[in-house]
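Heavy atoms only: backbone and side chains are in, while hydrogens, waters and symmetry mates are out. For the single chain, residues carry numbers from 1 onward in sequence order.
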Amino acid sequence: MRHSSAVPPLVAVDTTRSRYPVIHAVTGHGLFESLRQIAPEFSQHARVELLHDAFESALATLKQAVEQGRCDVVVASGSNGAYLRTRLTVPVVQVQVGGYDLMAALAAARELSARIAVVLHHEVSAALRRFMREFKLDVELRTYETREDVLRCVRELAEQGVEVVVGAGMVTDYVRKAGLTAVLLYSLDSVRAAMDTAMAIAEAQHKERVRRDQLDLVLRHLNDGVVAVDMQGRITTLNPAAARIMGATAQAAGQPLAEVAPGLTPRPVLEQGRSELGRVDDVRGQSLVVDAVPLYESGLQTGAVLTLHPSQPLEHAVGRLRAHSHRRSRSARYTLGGMVAASAAMRQLLHRCEVMARASDASVLIQGESGSGKEVVAQGIHRASRRHARPFVAINCGAFPEQLLESELFGYEEGAFTGARRQGKAGLFEAADGGTLLLDEVGEMPLPLQTRLLRALQEKEVTRVGGIDAIPIDVRIIAATHRDLAAMARQGSFRHDLFYRLHILQVRVPPLRERPEDIAALAAELLPAALERVGAGGLALDALATVLPLLAAHDWPGNVRELENVIERMALECLLAGAVPAAAVLRGVVDPSGWEGAVDAAAGAVDLTDAADELSSADEAGRLQTVQRAAELQHIRDTLDRLDGNQAAAARALGISRTTLWRKLRG
């Protein structure tokens with residue numbers, strides 16, 4: 001009876017477009033032609049496959065299609081549909097007989113003969129019997145359950161002289177074989193209605209499957225573990241991350257969670273029906289942050305879902321979040337390529353820094369005189385390294401007392417000391433996680449704190465002041481100092497082991513007097529910018545021609561920082577004079593001590609007449625001093641604006657202490 005190989009499936013759409021649902025229209029009898037006629041109407045929305053088969057043979061074919069994911073819904077009729085519905089895991093939509101179908105079939109049968117019978121599957125409704133009585137229709141009514149029932153029924157009707165039989169597909173097949181006239185009970189509208197229902201079910205199921213597949217894909221790729229359990233605490237499902245975290249296998253489903261992962265229990269949420277968020281459990285030697293929430297179906301709790309967060313990624317994430325919140329103040333501005341390097345010594349230094357930044361992640365010790373640009377070099381190394389997108393955090397170890405420096409570096413817990421912030425504070429090691437931490441003037445660090453720093457570098461973890469939990473860190477250390485750490489280590493004022501831990505890669509920044517070519521290059525960059533800031537940019541060329549010989553003759557004990565300060569003072573002198581002052585005046589700006597001596601000698605040589613002239617110009621000098629103070633104050637304010645109000649950075653840029661800066665601002 002099976003003819004599926006002879007009748008090719010009706011492929012409504014491209015089979016490669018898996019987003020379309022698949023409907024199998026199945027019958028082994030007279031309904032097949034009706035299904036073939038209706039199926040093309042659904043070709044734009046589904047793949048429809050026709051199967052001319054029934055019962056056991058059709059069931060085998062459909063089961064295989066279901067297992068392979070090629071069947072969403074089945075359309076069938078009569079006893080064949082009832083048979084398939086109880087044996088398939090996918091929905092089976094049966095073609096239903098409506099009142100219009102029956103009346104139309106009876107009308108067609110009456111035109112053929114007065115000896116009519118109606119054979120229906122399962123039962124004859126009371127409404128149909130009442131209809132027959134009311135209209136005095138002489139129609140034989142019969143029912144069937146099995147194929148054998150149909151054969152017996154048709155044989156009896158033939159013996160009674162019935163000439164026309166109305167029934168479903170299987171009934172009409174056997175009626176024709178018995179030599180009687182058959183009228184199919186189903187209309188095209190009934191078949192179309194069944195296909196519409198199947199289409200709606202298939203689309204809903206397909207959308208749900210796509211949504212479920214997407215959810216499964218998300219769960220499979222989560223780094224956090226997700227475990228679902230039933231009300232008895234047995235695992236119903238888990239994602240690969242949960243299996244990895246718990247050390248479980250795919251066979252864990254169905255086992256009690258408490259046995260698979262001792263220490264991890266869903267009991268509180270199952271017994272109380274309340275969520276538990278942020279619980280910490282120890283599972284197989286590791287700490288997990290666990291979120292447990294109840295699982296409900298139709299308003300009844302059916303289990304719980306546990307999300308497992310390994311602690312180490314969370315700790316790293318917290319550090320990165322804290323660093324991100326201070327991103328603006330903890331980023332490197334200078335690059336190696338942006339540094340002035342006219343001398344061979346500086347070019348060699350920058351090349352060395354470029355290589356060590358890219359090739360190694362080891363600690364770097366930068367040595368050089370005060371003001372030579374050690375922090376600029378450190379920022380350049382960070383910007384050239386693989387950590388360039390992460391925080392750059394700097395601290396001057398000589399600017400804090402021991403206790404304050406410890407809390408700044410390592411952070412502290414709530415209540416660690418009087419005045420501690422509520423909820424504590426993250427230290428600079430945590431803020432620099434994933435990036436670079438510059439320990440400027442590391443030679444000034446007290447010995448007790450050196451011991452704690454050494455442990456942090458060795459163990460790659462820190463403990464906050466007043467805390468007990470170790471926090472893992474991933475930080476590159478750059479240390480800077482103007483002192484001879486090796487000599488300090490020999491004298492016992494600096495730990496040998498810390499020195500060797502910091503002294504893996506070494507950089508020496510040469511003082512400005514050892515690279516005279518850089519003096520002119522720096523001045524050519526700094527002086528025009530300073531003149532532009534005070535509104536005297538047009539004097540840049542004349543000013544450079546005058547000051548370069550003076551700058552070259554100076555020894556620069558304060559290095560680049562001193563040069564920057566001198567350039568700022570020269571720009572102010574140009575503003576006050578309205579032109580480039582004489583070389584003698586600018587020489588006094590370069591070397592104030594020499595200028596004061598020259599003034600003293602000149603004062604001893606003047607006569608009384610010159611003294612009288614000097615007295616008469618006292619008012620003019622007072623006005624000049626007022627102008628100088630106003631210009632200086634404006635320059636300080638401009639510097640503060642440029643540095644977003646950061647007084648410490650402004651003081652460094654101006655070459656003065658923060659106390660002096662505060663005093664000048666107050667007037």
Side-chain angles (χ1 to χ4, degrees), residues 332-343 345-347 349-350 368-380 509-583 585-592 595 628 631-644 646 648-656 661:
R333 292 182 296 151
Y334 301 105
T335 63
L336 295 175
M339 295 177 63
V340 173
S343 64
M346 280 302 292
R347 289 196 298 270
L349 170 70
L350 297 185
E369 294 181 3
S370 180
S372 57
K374 297 186 291 297
E375 181 170 351
V376 175
V377 172
Q379 291 190 23
V509 182
L512 200 53
R513 61 182 174 276
E514 293 182 9
R515 44 189 177 108
E517 301 91 340
D518 292 335
I519 297 174
L522 286 166
E525 183 177 300
L526 295 173
L527 185 56
L531 289 169
E532 192 68 35
R533 285 195 297 273
V534 299
L539 303 176
L541 291 178
D542 292 341
L544 279 173
T546 303
V547 306
L548 284 180
L550 305 176
L551 300 179
H554 188 58
D555 197 35
W556 301 110
N559 293 292
V560 179
R561 184 180 295 120
E562 181 187 4
L563 176 60
E564 290 175 340
N565 297 340
V566 166
I567 292 295
E568 290 290 339
R569 292 198 296 270
M570 285 183 170
L572 281 175
E573 291 294 337
C574 292
L575 174 65
L576 293 171
V580 179
V585 175
L586 294 178
R587 186 179 295 108
V589 175
V590 176
D591 187 0
W595 171 253
Q628 288 176 323
E632 181 183 47
L633 182 59
Q634 184 60 46
H635 178 55
I636 290 173
R637 288 173 176 165
D638 291 343
T639 304
L640 279 170
D641 289 341
R642 179 165 52 88
L643 297 173
D644 298 328
N646 188 325
R652 285 197 300 271
L654 295 168
I656 59 178
L661 176 65

Peer 1: Can you pull the ring-ring contact (aromatic ring centres under 6.0 Å, His included) pairs that have at least one residue in residues 515-545, sequence neighbours excluded?
Peer 2: none
Peer 1: Mind listing the closest non-hydrogen atom pair of L349 and P510 along with its distance?
Peer 2: CD2-CD, 4.3 Å
Peer 1: Mind checking side-chain contact (heavy atoms from CB on, under 4.5 Å) for A571 and listing every partner two or more places apart, or none if nothing turns up?
Peer 2: A530, L531, V534
Peer 1: Could you tell me whether a side-chain N or O of E517 sits under 3.5 Å from a main-chain N or O of A342, the two making a donor and an acceptor?
Peer 2: no
Peer 1: Applying side-chain hydrogen bond (donor to acceptor under 3.5 Å, both in side chains), which residue pairs with at least one partner in residues 539-553 are found, sequence neighbours left out?
Peer 2: none
Peer 1: For E562, what residues pass the salt bridge (charged side-chain N to carboxylate O under 4.0 Å, His left out) criterion, not counting sequence neighbours?
Peer 2: none
Peer 1: Taking the side chain as C-beta and beyond, is there a heavy-atom pair between V566 and L551 under 4.5 Å?
Peer 2: yes
Peer 1: Please name all residues satisfying side chain to side chain donor-acceptor pair (under 3.5 Å) with T335, sequence neighbours left out, ordered by chain then number.
Peer 2: none
Peer 1: Begin with the C-alpha distance, continue with both residues' side-chain angles, and end with the deciding distance and a verdict on side-chain contact (heavy atoms from CB on, under 4.5 Å) for V590 and L586.
Peer 2: CA-CA 6 Å; V590 176; L586 294 178; 5.6 Å; no
Peer 1: Taking all non-hydrogen atoms of both residues into account, name the closest pair between V589 and R569 and its distance.
Peer 2: O-NH2, 3.3 Å
Peer 1: Any side-chain heavy atom of M346 within less than 4.5 Å of one from V340?
Peer 2: no
Peer 1: Once salt bridge (charged side-chain N to carboxylate O under 4.0 Å, His left out) is applied, do any residues pair with R515, and if so which ones, sequence neighbours excluded?
Peer 2: D518
Peer 1: For A579, what residues pass the side-chain contact (heavy atoms from CB on, under 4.5 Å) criterion, not counting sequence neighbours?
Peer 2: none
Peer 1: Report the C-alpha separation of V580 and E573 in whole Å, then their side-chain angles, then the decisive distance to 0.1 Å, and conclude whether the side-chain contact (heavy atoms from CB on, under 4.5 Å) test is met.
Peer 2: CA-CA 8 Å; V580 179; E573 291 294 337; over 6 Å; no
Peer 1: With no hydrogens and no angle check, is any side-chain donor or acceptor of R561 less than 3.5 Å from a backbone partner on S372?
Peer 2: no
Peer 1: Applying ring-ring contact (aromatic ring centres under 6.0 Å, His included) as the test, list every pair that has at least one member in residues 524-551; sequence neighbours left out.
Peer 2: none
Peer 1: What residues, two or more places apart in sequence or in another chain, satisfy salt bridge (charged side-chain N to carboxylate O under 4.0 Å, His left out) together with R513?
Peer 2: E369
Peer 1: Do any pairs count as a salt bridge (Lys or Arg N to Asp or Glu O under 4.0 Å) and have a residue in residues 525-541, sequence neighbours left out, and if so which ones?
Peer 2: R533-E568
Peer 1: Is there a side-chain contact between L548 and I519, using heavy atoms and a 4.5 Å cut-off?
Peer 2: no
Peer 1: Got P581 and L576 here, is their nearest side-chain heavy-atom distance under 4.5 Å?
Peer 2: no
Peer 1: Please list all pairs meeting ring-ring contact (aromatic ring centres under 6.0 Å, His included) that have one or both residues in residues 512-546, counting only residues at least two apart or in different chains.
Peer 2: none
Peer 1: Does anything in residues 535-555 pair up under ring-ring contact (aromatic ring centres under 6.0 Å, His included), and if so which pairs, sequence neighbours excluded?
Peer 2: H554-W556
